[in-house]
Amino acid sequence: MSKLGNIGARLYRGEVGYDFIGKRKIWYGLSILITITAIVGLAVRGLNMGIEFSGGAVFTTPKTSVSASEAQHQAESAAGGHQAVVQKLGGGALRIQISGLDTKQALPVQEELAKDLNVQVKDVNTQLVGPSWGEQIANKAWLGLGIFMVLVVLYLAIAFEWRMALAALVALIHDLTITVGVYALVGFEVTPGTVIGLLTILGYSLYDTVVVFDSLKEASKDITKQTRFTYSEIANRSINSTLVRSINTTVVALLPVAGLLFVGGGVLGAGMLNDISLALFVGLAAGAYSSIFIATPLVAELKSHEPQMKALAKRVQVKRAAAAAKEANQEGPQAEDVEDPDAEDADGAAVVGPRRQPASRNRGRGRPSGKRR
């Protein structure tokens, strides 16, 4: 068995473990710090909305020798300062997106681009996207997100309990906030692909959370009938038992997404993949983190305020105190049986010989008479 597999088996059996629940305030503080950073970035920089949401024009040119950076500068000059996003397509063609253009502005820009790129005007394909279409897409996305959240809460409340449903909802909001904040800080364009990526990571985050919750539900069955562990300790054992599985699942899911983001988007220049790959990469990492460090510790904290769990914690403490006292009492007489080698007898003579002499060796022997033979 590999070293990682051996550690996973020991974690599953409860032989080793890390105190995730006991250090939950550290995880809460770290999550709050990351969330505040994401909110500040969102408030200061805002989201770079694509033309699907803000409206604009998309120009597709034939093969040209002009680079993407030069085409971006020329497109922004032709559009009178409107922001342009240029992507290199296969065969040397260019896809130029310019936000905020209407039908009257699109034709002059098309002619100017054809002149600057040294191509025919008729060869430049122009597509207009109205802001109303983007608004409909945004409204449908918000509606779908709201329905998803409601169904998730209802399902978890029925399958588990309302505390787990609340903790899962907090974890989902946590993952969404961080992902959107990273988009604002990085400045990637928000497109319908971004929305798809966000909805995808919600499903993944929920799956990882439900795995831990299911383990916790099984481990905490009839918990009040025993006095060995508190609810927080059982929750901590559940996290440790599924820890290696969560790590393996996250790594396997992140590897292809990382290839899509860093290799496809960075090295190969596949810019259209960045909008969905960044959402998946950040969301998968945040979902794995929240299921371990946020959702389960929050459930344990909510459950610890129940009267039954408080009574259980007191019984566990009383039993452990009694066991510790009994162990201390058992060790006491053993320590008294050991004679001090420097101790003296009643007449002041030092005791000579081994510390523990069997009674049979001294049987029938009195004290020295003091007479010389």
request  = Carefully, step by step, assess E233 and R320 under the rule salt bridge (Lys or Arg N to Asp or Glu O under 4.0 Å).
outcome  = CA-CA 14 Å; E233 292 171 343; R320 291 176 181 175; 2.8 Å; yes
Does [X] use its side chain to pair, donor to acceptor, with the backbone of [Y] at less than 3.5 Å?
X: N329; Y: A325; answer: yes
X: Y28; Y: L298; answer: yes
X: T249; Y: S246; answer: no
X: T296; Y: I292; answer: no
X: Q110; Y: V124; answer: yes
X: R163; Y: A157; answer: no
X: S205; Y: L202; answer: no
X: D19; Y: G22; answer: yes

Is the closest side-chain heavy-atom distance between [X] and [Y] below 4.5 Å?
X: F20; Y: N240; value: yes
X: M164; Y: L216; value: yes
X: I201; Y: T179; value: yes
X: V152; Y: M149; value: no
X: W27; Y: I32; value: no
X: L166; Y: L302; value: yes
X: L156; Y: V210; value: yes
X: M309; Y: I223; value: yes

Closest non-hydrogen atom pair between [X] and [Y], with its separation:
X: R228; Y: V316; answer: O-CG1, 3.9 Å
X: I21; Y: S232; answer: CG1-O, 3.7 Å
X: I234; Y: Q226; answer: CD1-NE2, 4.4 Å
X: A295; Y: A167; answer: O-CB, 3.4 Å
X: L94; Y: A71; answer: CD1-CB, 3.6 Å
X: S277; Y: V257; answer: O-CG1, 3.5 Å

[atom1]-[atom2] distance between [X] and [Y], expressed to the nearest 0.5 angstrom:
X: F281; Y: I276; atom1: CZ; atom2: CD1; value: 15.0 Å
X: E112; Y: L117; atom1: CD; atom2: CG; value: 10.0 Å
X: S290; Y: L172; atom1: OG; atom2: CG; value: 7.0 Å
X: L113; Y: S77; atom1: CG; atom2: OG; value: 10.0 Å
X: T200; Y: L284; atom1: OG1; atom2: CG; value: 9.0 Å
X: D175; Y: I173; atom1: CG; atom2: CD1; value: 10.0 Å

Shared ILVMFWY cluster between [X] and [Y], side chains joined below 4.5 angstrom?
X: Y207; Y: I178; value: no
X: I39; Y: I294; value: no
X: V282; Y: V40; value: no
X: V211; Y: Y289; value: no
X: V182; Y: L47; value: yes

Exercise. By side chain to side chain donor-acceptor pair (under 3.5 Å), which residues pair with T60, not counting sequence neighbours?
Worked result: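 T60 satisfies side chain to side chain donor-acceptor pair (under 3.5 Å) with no residue once adjacent residues are dropped.
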Item to check | Residues that T250 engages under side chain to side chain donor-acceptor pair (under 3.5 Å), provided they are two or more places apart | outcome: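 With sequence neighbours excluded, T250 shows a side chain to side chain donor-acceptor pair (under 3.5 Å) to Y204, given in chain and number order.
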- request: Measure from NZ or CZ of R95 to the centre of the six-membered ring of F59, then state whether that distance is under 6.0 Å and the direction lies within 45° of the axis.
  value: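 No, cation not above the ring by the 6.0 Å, 45° rule.
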Exercise for review: Would you sort out whether S304 and K310 count as a side-chain contact (heavy atoms from CB on, under 4.5 Å), showing the intermediate values?
Suggested key: CA-CA 6 Å; S304 64; K310 289 182 178 180; over 6 Å; no
(message) Taking E161 first and then K303, would you say they form a salt bridge - that is, a charged N and a carboxylate O separated by under 4.0 Å?
(response)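 K303 and E161: salt-bridged.
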Distance-only polar pair, side chains of Q308 and Y231, donor-acceptor under 3.5 Å =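 No, no side-chain donor-acceptor contact under 3.5 Å.
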Determine whether L151 and F148 satisfy the following criterion, side-chain contact (heavy atoms from CB on, under 4.5 Å), listing intermediate values before the conclusion.
CA-CA 5 Å; L151 293 178; F148 176 82; 6.0 Å; no
